[in-house]
Every structure is written in structure tokens, then in C-alpha cells.
Number of protein chains: 2
Amino acid sequence: MTSEENRPRRVIGRAGSYEKGVARRQEILERAAEVFRERGADGTSLRRIAAMIGVSHAALLHYFDSREQLLVAVYEHAESQRDTSGEVADSAVDVLVKAAMINIGVPGMVELYTTLVASALAAEGTPSNEFFSHRFARIRTELTERFTEEQAAGRLREDVEPADMAALLIAASDGLQIQWLLEPSVELERTLETFSVLLAPTS
Amino acid sequence: MTSEENRPRRVIGRAGSYEKGVARRQEILERAAEVFRERGADGTSLRRIAAMIGVSHAALLHYFDSREQLLVAVYEHAESQRDTSGEVADSAVDVLVKAAMINIGVPGMVELYTTLVASALAAEGTPSNEFFSHRFARIRTELTERFTEEQAAGRLREDVEPADMAALLIAASDGLQIQWLLEPSVELERTLETFSVLLAPTS
DNA sequence: GTCTATACGAAGATAGAC
DNA sequence: GTCTATCTTCGTATAGAC
């Protein structure tokens, strides 16, 4: 639920190096994202997405091996779009807070995320498993580096492990978004920001 | 993913006040839980569970209104069993750490939990939505009370909101269990316990 | 109350024609 | 590259036996 980098993208699904295929692929991802925004990840079948684009559901499977792969691609695409790729000046906590606030503003995003994480837990080697294993690992690494720097700069307390705090912060952000969706009285932003207080150096 | 109380249980699904029905209902829940342990929440259709018990899949719908309701009941049943209902002496953090460690030891449990949370996000009024909304609210309340007590006793720093910390701790526990399943090198226990350090009074 | 049999519609996936 | 047709499995609903 956080940042994506702007290096050459690893494409999920068939390459589709030809112009029409590439354009079609983009269109599918964007129309599919629309369907999710309006109807959630549940009522969103291949057939429904296909109907909304005006093709048969089999056509979608020409670009993606399976429904799951399409869902992962949609999530990745949506995430990569809405992300100014993290002002370097911000603290680790601030980066996550901003990402979370944007995230809960997009209807269906947390639901899609949670759905895919659930299927990632089901079996190894599946598209969602591969994607989220790598995603978690990458974000943990990024945050660990930030925390390590902050510790060196005296902006983070010394008695915690940067790697542990990275995993903890991601977990807290993910979990709080879910709780907020189920009960908006949960103070997502304030709570996440409290993390800064907890992590402040013990002077 | 935490504690359940031992008050008279609210039964999900039909009451089944007759002896045979009650026993059957129990058997269904336990056999269904087995299927989840072995095959995960994905390949687990009503028909498969029914076949494993030796009944028709329609029979399951005599006890539960829908597949989703059955899943919720299975989760609730499994959770209520493995839970000595939280040594009162423990700190709030310790309670969650213990629950989390037990949880990740049961195959399929986190997957079932995450699957149901995902469907809880999909629509209001569904069985999973009702269950998890109440569950989160209940656990937050329990933890908030504990934190408030700890603050009064001088065992918790003063500059945080007990209610915020309750939501944060639950979120961290849920999220870390997921990350641990995808990457066991994530130090679930140590990381969660670090929370105690973060929350210690600023002396 | 408990359960089987059966039917329906929707879903993901595949094969093969164009 | 896209379609139609088809297969299998699924959740759900109903009718009716015991």
C-alpha cells in the first residue's frame, strides 16, 4: 500500500509488444479499475469487465493468464499511478501516512489489496503470492534504510531495530486502513502519526 | 485474531436446539476447519466440505444460510477453542503477542482471517462484515481499558491515547502475521514485543 | 428437523474457428 | 487478436422424502 518506483516497469501478463496490444492492455487495466471502484472486488468477474469494455471474457485471457493475474496487474497499475514516489525529505512515518491517506480515498483499493493478500497466502508461486512477497520485501528494505539513516542522524531512538520497525510500520498502516474502513471513527491519520512520537529519540 | 470470552455463545447460523442438530453442527464446524487446515480457504467449496463429512452440500445450507456464514462460523469456532481467555495478569501487549503466536501456528488460520476480512470490506450487512466490525470494536474496547489502567498505574507513557494504541496494536499484530507467513524471516514475536519498549513510560 | 436430489445461473478456463 | 462454444465447478434455491 505504499510507494512504487519509476524504473522500467516489469509487466504482469503477456508482453504485448505490438502497439495495439499495448494500448488494449492499458485500456483493460483502466476499465477494470473503474469496475472495482464502482462495484468492489467481489462482483467483479472477468465477464463483467469484458462486457464493460465491449469484448468477450475470453479476450481478456489473451492478455492475462488468469483472473488473479489480471487483478494483480490492476492493483499494480493503480498503485504506480497515484504515487509521486515519496518526497525524499519526508520521514519514514510521513511517507507511510501520506500513502495510507491517499489509499483510503480510493474506493475499492483496500478491498482489492486485502483480497489479493488473502490469495497470496493461499499458495506459493501464484501471481499474487509472487507480487506481494516481493512488494513487502521491497518496502521493508526501503523503510529499513530510511530508519537506519534516521537513527544515524539522531532522529530515531537507538533501542529499536530498524528492520523490525519497518515491518511494524507497514503492518500498522495496512491494519489501520482496514479498521478505518470498517469503523471510520478509528483515527487513522493521528494514530499512524503517533508512531513518530513513539520512535522519537529518548533524550 | 485475539481473545474471545467464555460467555454464552451467540450462535451463527440456525439454532438447532435438537440434540442431533447441535452435534451435527459441531461436527460440520470441526470438519470444515480440518479442510481449511489441509487445503486452505481457497479450494474449500461447500461441496468439498460436504463430501468430506459424507453429506450433500445442500445439507450444510440447512445449518448455515450461506457459504460465507459457514466460513465466519468456522473462524469463530476455531478462535473460541484455542483461547484460555487471556491471563488477566498480562500486559495488553503480551496478550496480543501470545494470541499471534498461537495463531500463526494453526495452518490456514491467517488465510481464513484475511479472506473473511476482505469480504467484510466488500459490503455492509453481510455476515463477515457484521462479525468483524463487532470483533474489532470489542477487542479495541478491551485493549483500550487495559491501556487506560496501565497508564493510571504508571506502566504506560502518558503522551499517547489508549484508544489509538489499541487500534495500532491490533493492526500491527494482524499485519505482522501476514508478513511473517509470506516471509518467515520477519521477526514477528520480537517485533511485537518491541511495542512494550515503545510504550514504556518516559522516565 | 434433517437431509437428498435436482435444477439454475454465473463463474473461470480452454479449444478451435475466423 | 478476438470470437463462439463448451467444460467444469461453484453457490444458491426449491421440492420433497423420512
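A, B, ... follow the sequence lines: proteins, then strands. Residue 1 opens every chain.
Checked against C:dC3, C:dT4, D:dT2, the side chain of B:S56 finds its nearest nucleotide in C:dT4.
Sorted by first and then second residue, the salt bridge (Lys or Arg N to Asp or Glu O under 4.0 Å) pairs with a member in residues 160-171 of chain A read A:D164-B:R190; sequence neighbours excluded.
Of the charged side-chain nitrogens involved, none lies within less than 4.0 Å of a carboxylate oxygen, so that B:E149 and B:R146 do not count as a salt-bridged pair.
Regarding contacts with the backbone of C:dT2, a side-chain N or O of B:H62 is found under 4.0 angstrom from either OP1 or OP2. Regarding contacts with the backbone of D:dC10, a side-chain N or O of B:S45 is found under 4.0 angstrom from either OP1 or OP2. Contact annotation: B:Y63 side-chain N/O to C:dG1 OP1/OP2 distance is not under 4.0 Å.
Note: CD (B:E27) to P (C:dT2) measures 13 Å, nearest angstrom. A straight line from CG of B:D42 to C1' of C:dA11 spans 14 Å, rounded to a whole angstrom. With rounding to whole Å, B:F64 atom CZ is found 16 Å from D:dA13 atom P. Nucleotide C:dT2 holds its P atom 14 Å from the CD1 atom of B:I53, rounded to whole Å. A straight line from CG of B:L70 to C1' of D:dC10 spans 15 Å, rounded to a whole angstrom. In this structure, CZ of B:R48 is placed 10 Å from P of D:dG11, rounded to the nearest angstrom.
No hydrogens or angles considered: a donor-acceptor pair under 3.5 Å links the side chains of B:D174 and B:Y113.
Considering only residues two or more places apart in sequence or on other chains, B:E34 meets the side chain to side chain donor-acceptor pair (under 3.5 Å) condition with none of them.
Under the 30°/60° scheme for interplanar angles, the aromatic rings of A:Y75 and A:F131 are found to stand perpendicular.
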Side chain to side chain contact (heavy atoms under 4.5 Å, CB included) between A:Q177 and A:T114, worked out: CA-CA 10 Å; A:Q177 290 178 52; A:T114 308; over 6 Å; no
Please enumerate all protein N or O atoms sitting under 3.5 Å from an N or O of nucleotides 13-16 of chain C, with distances to 0.1 Å.
from: C:dA13; atom 1: OP2; to: A:R67; atom 2: N; distance (Å): 2.9
from: C:dA13; atom 1: N7; to: A:H57; atom 2: NE2; distance (Å): 3.4
from: C:dA13; atom 1: N6; to: A:H57; atom 2: NE2; distance (Å): 2.7

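Nearest-nucleotide mapping onto DNA chain D: of A:L60 and B:G43, the residue sitting toward the 5' end is A:L60.
A donor-acceptor contact shorter than 3.5 Å is absent between the side chain of B:S173 and the backbone of B:L169.
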